[in-house]
Amino acid sequence: MSPVITGVGLAVPGARVPADLLTPPRGAVDPIDPATLLDPRGLRYLDRATQLALCAADPLFAEPDGPLAAPHARRPSARERTAVVVSTNYGNLDTVCHAAATISTASTDALRPMALPNASSNNVASALAIRFGLQGANVTLCNGPTSGLDAVFWAAGMIATGRCDRCLVIGVETTNEVVQRLLDAPAEALFDGAVALVVDDAAGAAAGGTPPLARIVRSWRDGDVAASVKRVLDGEAAPPGVWFTPEDPAAAHVGLLPDVARMDLTRTRGRASGALGVLQCAAAIGWFTGQADALATVGDDHGDGVTTLLLRPVPGGTP
Amino acid sequence: MRVSNQVFDMELRVARNDAFSFGPDDADAVIGTGAVASIGRSVDEIFEAACRGTSGLAPLRRFDTARYRAGAAYEIDDRAGAAHDRPARATSWLLEAVSQALDEAGMGLDLTDVPVVVGTGLRELRSVELRWRDGTDFDVARLHFGTALRERFGATRTYTVSNACSAALYALAMGSDLIGLGMADTVVVAGADSLTESMFGLLDRVQLTAPSSVRPFDRDRHGVLMGEGATAIVLTRDAGRAPQHLVGRVRSTSVGCDAHHMTAPDVGGIARVMREAHARAGVSARDIDVVFLHGTGTRLNDDAEAAALRDVFGRDVTAPLMTAVKSMTGHTSGDSGLLSLVLALRSLATGRVPPVLGLNEATGSASGFRFARGNGAHEGLRCAQVNAFGFGGLNAVAIVDRPASGRS
């Protein structure tokens with residue numbers, strides 16, 4: 001069993017393809033407007049996080065050669081074997097806080113009933129399942145700073161244990177007055193977007209005629225950055241060619257991997273929290289130039305943990 | 001399926017069979033349990049209270065009742081007459097439940113290498129509400145439970161899974177998978193939830209009449225009320241030897257999604273997950289002695305759950321005992337599946353099954369079901385099914401059993 005990434009979808013301001021993630025957006029970019037990307041009628045009652053996630057995932061299904069298009073066209077039973085893992089920490093905080101405020105100044109009569117699904121943080125994952133008919137395991141990780149790479153780990157893990165054949169992974173965060181106030185950060189410092197990945201098994205992808213974009217080599221979660229990185233790189237003959245570093249700039253210690261180029265997506269894209277790990281994987285795919293691996297780490301020594309992931313390019317389209 | 005890799009090296013040399021054929025899962029052993037709910041502060045306390053038909057229903061303690069139609073819930077009473085709510089209550093109960101489970105398992109409180117998977121519907125969203133509305137001091141870094149789990153137990157391999165009403169059984173599936181992948185021999189699986197005003201309020205807004213209590217499967221039921229609770233189990237690889245403290249075994253957990261509707265359940269999706277749970281456990285419906293129903297007391301859930309049971313069990317649907325503990329604990333959101341599971345293990349150990357409180361006449365869709373009524377002991381209860389179905393079509397079913405040679 002060899003997990004691979006077979007698709008990337010982006011709803012990221014100023015980034016059309018993964019390679020665009022490697023450089024800051026050129027000039028001022030408008031926030032993603034889901035109503036211009038998807039049928040607005042289908043977006044009613046969905047919160048922004050859900051809308052962004054749908055925008056990121058849609059091309060993976062809609063395009064004729066999209067990695068999730070073929071199985072669904074040919075094998076309806078594949079829907080039961082396609083899982084969803086969403087990573088988000090702040091996605092539905094606006095619904096929650098506004099509802100509590102409305103109640104305190106009026107009563108529950110003043111609430112909008114259609115907000116009910118958004119009061120529960122699995123709303124994004126469930127909306128994706130309904131939109132694309134995905135009946136496999138449906139998991140929402142709200143796991144703090146490491147959540148994005150934890151999501152990629154669990155996608156591969158659920159394929160390895162046979163719970164699913166492939167998995168749609170989403171990392172999404174939004175900015176609104178609630179998030180800004182709770183994080184004490186202005187809108188421009190916060191990531192407002194979604195990234196989608198398709199994780200598959202190499203054999204399954206090959207059988208479906210879907211070329212892999214990256215191989216997921218190893219993942220480990222530990223108590224600190226040094227331990228997590230060391231465990232993942234243990235036994236590798238060559239160092240990675242790039243290291244996508246955590247949100248906290250102090251986390252990637254100066255002494256660690258001194259000869260590896262670092263890329264800090266937080267600096268160029270804003271604080272991405274639960275979406276960061278997924279964003280890192282997309283950026284790694286855009287970065288792959290030769291044979292060198294890409295390393296990604298989220299979390300820091302003072303939080304609840306650190307997760308590191310190693311991605312390998314796929315020479316000639318086959319792992 | 002068992003593979004042995006300490007690090008999750010993705011180059012697993014595993015031959016996988018055809019996608020739809022999976023053999024019986026290896027069972028995992030439950031060696032410790034813990035729980036806190038409105039009717040007790042330990043699994044034994046909750047179980048005894050439940051068997052006596054004790055209800056945790058009480059007038060709302062922390063919310064301004066003038067702003068709601070519903071006036072009661074199944075809250076944990078941990079306020080010493082305080083006028084204000086306080087943050088991090090769900091976290092405090094989680095830590096308590098995990099401590100209890102570790103104690104029963106004979107383990108110390110050091111979880112450095114032990115993964116912890118927590119299923120929750122609402123995380124610490126209540127604490128965020130308090131900060132937003134009242135300026136209460138609360139760091140959003142504590143929205144998920146990993147921070148507190150590291151502080152108390154040194155745990156660093158932690159996962160907070162926000163999966164609505166089936167979250168804790170989803171967490172159980174994931175914890176079992178970590179064992180199955182060879183990434184751990186022992187995991188802690190937990191659930192934890194406290195009431196949020198947003199969820200309680202939106203449920204209040206959408207229910208046609210405000211329910212006065214939770215009455216699962218009754219003909220006159222009129223909706224769900226929320227409860228609070230936290231539950232934890234210590235799950236370990238069942239290597240064939242009987243551990244000293246065997247509370248029971250998890251034979252399988254199956255998970256899925258209806259992909260149908262954001263709040264209404266789907267009979268087909270529920271039935272599918274039930275069937276998969278049986279297949280993974282290597283049991284047939286006939287082997288199930290007791291079902292711990294999801295039983296929220298809403299018209300939609302109870303009818304859908306009953307229809308799915310009929311579909312899967314066929315004529316055998318009248319054979320197993322059935323109970324619905326939300327009739328006493330309220331709906332403890334993501335925690336509820338695991339709370340039912342630890343009570344199911346107690347039922348298998350003692351032969352006693354908590355009654356369905358408030359059940360006067362079974363609703364038509366459940367006619368003929370053998371609902372637990374009294375406090376008598378039943379012989380030969382070996383295998384239980386635990387149901388959990390959440391908003392957004394998130395479904396999970398666990399099969400647990402208790403071998404004859406287990407601890408009594």
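Each chain gets a letter, A, B and so on, in the order its sequence line appears, and its residues count up from 1.
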- Item | A/Asn122, A/Thr50, A/Asn123 screened by side-chain contact (heavy atoms from CB on, under 4.5 Å) with B/Met262, the one that passes | A/Asn123
- Note on the structure: Smallest heavy-atom separation, A/Trp220 atom then B/Met183 atom, equals CZ3-CE, 3.7 Å
- Task: Answer whether the closest heavy-atom distance between the side chains of B/Asp258 and A/Gln135 falls below 4.5 Å.
- Result: no
- Item | Any side-chain heavy-atom pair of B/Phe200 and A/Ile103 under 4.5 Å | no
- Quick one: of B/Asn395, B/Val206, B/Leu149, who has the most non-hydrogen atom pairs under 4.5 Å with chain A? B/Val206
- Message: Is B/Arg142 in contact with chain A via its backbone, its side chain, both, or neither, using a 4.5 Å heavy-atom distance?
- Response: neither
- Task: With a 4.5 angstrom heavy-atom cut-off, could you sort out which part of A/Leu93 is near chain B: side chain, backbone, both or neither?
- Result: side chain
- Determine whether the side chains of A/Arg221 and B/Thr158 contain a donor N or O and an acceptor N or O closer than 3.5 Å. yes
- Apply the test side-chain contact (heavy atoms from CB on, under 4.5 Å) to residues A/Leu116 and B/Met199: give CA-CA distance (whole Å), side-chain angles for both, the deciding distance (0.1 Å), then the verdict. CA-CA 7 Å; A/Leu116 175 61; B/Met199 181 58 80; 3.8 Å; yes
- SG on B/Cys257 to CZ on A/Arg79, rounded to 0.5 Å: 11.0 Å
- Query: Under a 4.5 Å heavy-atom cut-off, does chain A meet the side chain of B/Tyr170, its backbone, both or neither?
  - Reply: side chain
- Query: Less than 4.5 Å apart, any side-chain heavy atom of B/Leu178 and any of A/Trp154?
  - Reply: yes
- Item | Per-residue contact mode, A/Arg112 against chain B (heavy atom under 4.5 angstrom) | backbone
- Note on the structure: Counting heavy-atom pairs under 4.5 angstrom with chain B, the leader among A/Gly136, A/Pro145, A/Ala99, A/Ala101 is A/Gly136
- If one checks every heavy atom of A/Thr105 against chain B at 4.5 Å, the contacting part turns out to be backbone
- Item | Most contacts with chain A, counted as non-hydrogen pairs under 4.5 angstrom, among B/Ala167, B/Gly393, B/Ala173, B/Ala141 | B/Ala173
- A/Ala203, part contacting chain B, at a heavy-atom distance under 4.5 Å: neither
- Note on the structure: When every non-hydrogen atom of A/Ala160 is compared with those of B/Leu181, the smallest separation belongs to CB-CD2, 3.7 Å
- Note on the structure: Bottom line for A/Val178: the part with an atom under 4.5 Å from chain B's heavy atoms is both
- Segment of B/Leu130 engaging chain A (4.5 angstrom heavy-atom cut-off): neither
- Query: Are a donor atom and an acceptor atom from the side chains of A/Ser104 and B/Arg67 found within less than 3.5 Å of each other?
  - Reply: no
- Task: Look at the side chain of B/Arg205 and the backbone N and O of A/Pro113, then say whether any donor-acceptor pair between them is shorter than 3.5 Å.
- Result: no
- Item | Closest-packed option against chain A by number of heavy-atom pairs under 4.5 Å, given B/Asp177, B/Asp113, B/Val140, B/Asp204 | B/Asp177
- Query: Which atoms of B/Val161 come close to chain A, meaning under 4.5 Å heavy atom to heavy atom: side chain ones, backbone ones, both, or neither?
  - Reply: both
- Message: If I measure from the heavy atoms of chain B, does A/Asn92 come under 4.5 Å with its side chain, its backbone, both, or neither?
- Response: side chain
- Item | Check: A/Gly223 main-chain N/O paired with B/Arg150 side-chain donor or acceptor under 3.5 Å | yes
- Item | Closest approach of B/Val128 to A/Cys97 (non-hydrogen atoms, all atoms of both residues) | CG1-SG, 3.6 Å
- Top contributor to chain A interface from B/Leu125, B/Leu122, B/Thr263 [non-hydrogen pairs under 4.5 Å]: B/Leu125
- Item | Donor-acceptor pair between B/His144 and A/Asp304 side chains, under 3.5 angstrom | yes
- Note on the structure: Closest non-hydrogen atoms of B/Asn163 and A/Asn138, given as atom of the first, atom of the second and distance, are ND2-O, 2.7 Å
- Task: Find the one option among A/Asp150, A/Asp224, A/Leu310, A/Val306 whose heavy-atom pairs under 4.5 Å with chain B are most numerous.
- Result: A/Asp150
- Which atom names give the shortest non-hydrogen contact between A/Ala119 and B/Leu202, and what distance separates them? CB-CD1, 3.7 Å
- What residue, out of A/Gly144, A/Ala125, A/Gly299, has the most heavy-atom pairs lying under 4.5 Å from chain B? A/Gly144
- Indicate yes or no for a side-chain donor-acceptor contact from B/Arg131 to the backbone of A/Leu182 under 3.5 Å, with no hydrogens or angles considered. yes
- Message: Within this structure, what is the OH-OG1 distance for the pair B/Tyr159 and A/Thr146, rounded to the nearest 0.5 Å?
- Response: 7.5 Å
- Message: If we define contacts as heavy-atom pairs under 4.5 Å, which of B/Arg69, B/Glu129, B/Glu151, B/Met174 has the most with chain A?
- Response: B/Met174
- Note on the structure: Looking only at A/Gly204, A/Ala106, A/Gly305, most heavy-atom pairs under 4.5 Å shared with chain B are made by A/Ala106
- Query: Hey, which of B/Ser198, B/Ser162, B/Gly392, B/Ser254 has the most heavy atom pairs under 4.5 Å with chain A?
  - Reply: B/Ser162
- Item | Option in A/Ser120, A/Ala100, A/Pro117, A/Ser121 with maximal non-hydrogen atom pairs under 4.5 Å from chain B | A/Ser121
- Item | chain B contacts, top residue of A/Asp109, A/Asp234, A/Leu111, A/Asn89 (heavy-atom pairs, under 4.5 Å) | A/Leu111
